[in-house]
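The structure appears right after this line, and notes come after that.
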Amino acid sequence: MAPVTSLASTVDQRIADALSAALPEAGSADPLLRRSDRADFQANGILALAKKLKGNPRELAGQVVAALAANDVIKEIEVSGPGFLNITLTDRAITETLAARAADDRLGVPFAAHPGTTVIDYAQPNVAKEMHVGHLRSAVIGAAMVEILEFTGEKVVRRHHIGDWGTQFGMLIQYLTEHPHELDHQRGDIDGETAMSNLNRLYKASRALFDSDEEFKARSRDRVVALQAGDKETLALWQKFVDESKIYFYSVFDKLDMEIHDPDVVGESGYNDMLEDTCRILEETGVAVRSEGALCVFFDDVLGPDGNQVPLIVKKSNGGYGYAATDLSAIRDRVTRLDATTLLYVVDARQSLHFKMVFETARRAGWLGDGTKAVQLAFGTVLGKDGKPFKTREGETVRLEDLLDEAVERATAVVREKADKAGLSEEDILRNGRYVGIGAVKYADLSTSAVRDYKFDLDQMVSLNGDTSVYLQYAYARNRSILRKAEGARPVAHPELELAPAERSLGLHLDQFGETLAEVAAAYEPHKLTAYLYQLASHYATFFEQCPVLKAPTPEQVENRLFLCELTARTLQQGLALLGIRSPERL
């Protein structure tokens, strides 16, 4: 089915045509259309146009109104204030447009005009280390952007740039060499908690030996050299740590209701073979220069406290490679081999300077530009209720698993309170408790502009009131309940019916879904989708209160209101799904 033109786009085009007809000297002026409390829409572009044409804005507005051809979309248009146009649409236009959306599996949402290939770098845990609250935002924001971009037609390549390389592995691998049966089990034989317990135990044992035994310390350092040289035995032992960590990672991601697949996990080690070539290209092209034995890239606008330039170190003076060499090699790989047109990095805002320098270096080297861009979707810190970085009472970093388990436990208690009324079994309660708890965590994260810090408050997150996912999930469940109780009445659009104010408001908001998604995808701002969905649930609550559905005066009104219920439910469900949040049918 062809995409549905939104009412806003239709009205905008009608006003633009009238502007051109009435005021040809204005050229292609923008009507500056927006939603309004005084009418359905307000066009404010004539005020700026009057200044340009040196005319009276109200007189010019009158000429534009006179030039508007009679149509079945605009019911009424009036000139207000200094030349504003207040526009009211016909009820028929609203209902017919919504009916066209309802007839499409995609709710009439168009695909992007010029889709490309976006590589999204997100959810980047470290091998042999526990995931903590600091890993939450990259995973949640990145997964939402994957779903949103794919829905708009973009080809998305997922990349999990895990920390799986470095000197710390020398100690672990050497210990495993001397205790060879510690990780002999297969990937499917243990759960994530056991895997992390194994890794913690091995780390503590190897660390104690490393600190107390000089000979073991020397052997560990030799093992680092062997790892970097590609020694087969050393790599095989290193792989055991990676595999053990994946068991743990995947169990945490499963709790987050996220799918992570092996081909998408390409860590630091995946670019080892490219590092030397990356450095050679940068040095030969003059992008990087030698400074005190290190290979560096300098920037005029990156200065230290002493006023001297602070370089991006690509290769250290001792011959080791910095993070920059890996990140630049990843850019080369993603642009040349994966044909990426956009590289999206969902990374902590505290790394903004690093990525600014990496991206500029890649541009100077010619790996970015000419239709290929790199963007950091920077995110802020998760704070506790006190506004300080989220810690345990003992001052330790909060384990991500513990946080998710508590969220599910709290949500399950909320679901259980209403279980009898909703007719839920114990199995339903536990399943929905998970959906509500994990949804609450994701929504709280996504409803805050990514770059801002936010307070992690589970009491608020699982509340039925306010801007929470639970509020949206209950709106969806209430909606489905009405549809189940319809007793033979079907959702059918009736364009001939007059709409009540609450029906109009709900309908006009439903029509904005596609435009909202386009804006979210273009700016990488999932918080605008959460805001849209919260407003949708609020409009639906007002509709539910003011417009009886099953007890509407006529059968046609019952069908039309059921139609609005069904389209609202589908839009809520689709919107939440794009955020990675489930919509239980009963709550």
Looking at every heavy atom in both [X] and [Y], which two are closest together, and how far apart are they?
X      : Y      : result
Ser220 : Gln174 : OG-CB, 3.8 Å
Tyr474 : Val415 : OH-CA, 4.3 Å
Val414 : Val462 : CG2-O, 3.9 Å
Tyr534 : Gly466 : CE1-O, 3.5 Å
Gly192 : Tyr248 : O-CD1, 3.7 Å
Leu275 : Ser329 : CD2-OG, 3.6 Å

Does the side chain of [Y] come within less than 4.5 Å of [X]'s, by heavy atoms?
X      : Y      : answer
Leu282 : Thr278 : yes
Leu403 : Met131 : no
Val224 : Phe169 : no
Tyr524 : Ile141 : no
Tyr476 : Leu533 : no
Tyr175 : Phe216 : yes
Trp367 : Thr336 : no
Tyr454 : Ser447 : no

Atom [atom1] of [X] with >12 non-hydrogen neighbours under 6.0 angstrom:
X      : atom1 : result
Phe355 : CZ    : yes
Asp459 : CG    : yes
Glu427 : CD    : no
Asn318 : CG    : yes
Arg431 : CZ    : yes
Lys129 : NZ    : no

Side chain [X], main chain [Y], donor-acceptor under 3.5 Å:
X      : Y      : result
Gln376 : Val347 : yes
Thr372 : Leu368 : no
Asp453 : Thr381 : yes
Lys442 : Gly580 : yes
His132 : Gly134 : yes
Gln473 : Pro584 : no
Ser481 : Ala477 : no
Thr117 : Ala340 : no
Arg137 : Ala450 : yes
Thr412 : Leu430 : no

Is the closest side-chain donor-acceptor distance between [X] and [Y] under 3.5 Å?
X      : Y      : answer
Tyr443 : Asp467 : yes
Ser463 : Thr468 : no
Ser269 : Asp164 : yes
Glu193 : Ser251 : no

Starting at [atom1] of [X], measure out to [atom2] of [Y] and round the result to the nearest 0.5 Å.
X      : Y      : atom1 : atom2 : answer
Phe513 : Leu578 : CZ    : CG    : 5.5 Å
Arg332 : Arg337 : CZ    : CZ    : 12.0 Å
Ile281 : Met274 : CD1   : CE    : 8.0 Å
Leu235 : Leu227 : CG    : CG    : 6.0 Å
Leu377 : Tyr345 : CG    : OH    : 13.0 Å
Met357 : Leu328 : CE    : CG    : 10.5 Å

| ring-ring contact (aromatic ring centres under 6.0 Å, His included), paired with His160, selected from Tyr122, Tyr250, Phe249 |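 With His160 as partner, ring-ring contact (aromatic ring centres under 6.0 Å, His included) holds for just one option, Tyr122.
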Is the closest basic N to carboxylate O distance between [X] and [Y] below 4.0 Å?
X      : Y      : value
Lys356 : Glu360 : no
Asp428 : Arg586 : no
Asp348 : Arg350 : yes
Arg201 : Glu182 : yes
Arg158 : Glu259 : no

| Which is it for Asp121 and Arg159 under the salt bridge (Lys or Arg N to Asp or Glu O under 4.0 Å) test, yes or no, and what are the steps along the way? | CA-CA 5 Å; Asp121 190 325; Arg159 278 293 176 266; over 6 Å; no
| task | Go through the steps to decide whether Asn200 and Ser197 satisfy the test side chain to side chain donor-acceptor pair (under 3.5 Å), and finish with yes or no. | result | CA-CA 5 Å; Asn200 279 335; Ser197 176; over 6 Å; no
| said: Using the rule side-chain contact (heavy atoms from CB on, under 4.5 Å), only one of Met171, Lys240, Arg223, His181 pairs with Leu176; which is it? | reply: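 Going through Met171, Lys240, Arg223, His181 one by one, the side-chain contact (heavy atoms from CB on, under 4.5 Å) with Leu176 is satisfied by Lys240 alone.
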| Going through the distances and angles, do Asn465 and Tyr471 end up as a side chain to side chain contact (heavy atoms under 4.5 Å, CB included)? | CA-CA 6 Å; Asn465 302 309; Tyr471 176 69; 5.7 Å; no
| Chi angles and distances behind the side chain to side chain contact (heavy atoms under 4.5 Å, CB included) call for Arg582, Ile438 | CA-CA 9 Å; Arg582 307 263 187 166; Ile438 298 304; over 6 Å; no
| Tyr323/His161 aromatic ring centres below 6.0 Å |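 Tyr323 vs His161: aromatic centres not under 6.0 Å.
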| task | Show your reasoning for whether side chain to side chain contact (heavy atoms under 4.5 Å, CB included) applies to Leu202 and Glu244. | result | CA-CA 12 Å; Leu202 288 175; Glu244 194 82 0; over 6 Å; no
| query | In terms of ring plane angle, is the pair Trp165 and Trp238 parallel, tilted or perpendicular, where the classes change at 30° and 60°? | reply |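 Plane angle over 60°, so perpendicular.
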| field | Trace of the side chain to side chain contact (heavy atoms under 4.5 Å, CB included) decision for Thr397 with Lys391 | value | CA-CA 5 Å; Thr397 302; Lys391 301 283 186 180; 3.7 Å; yes
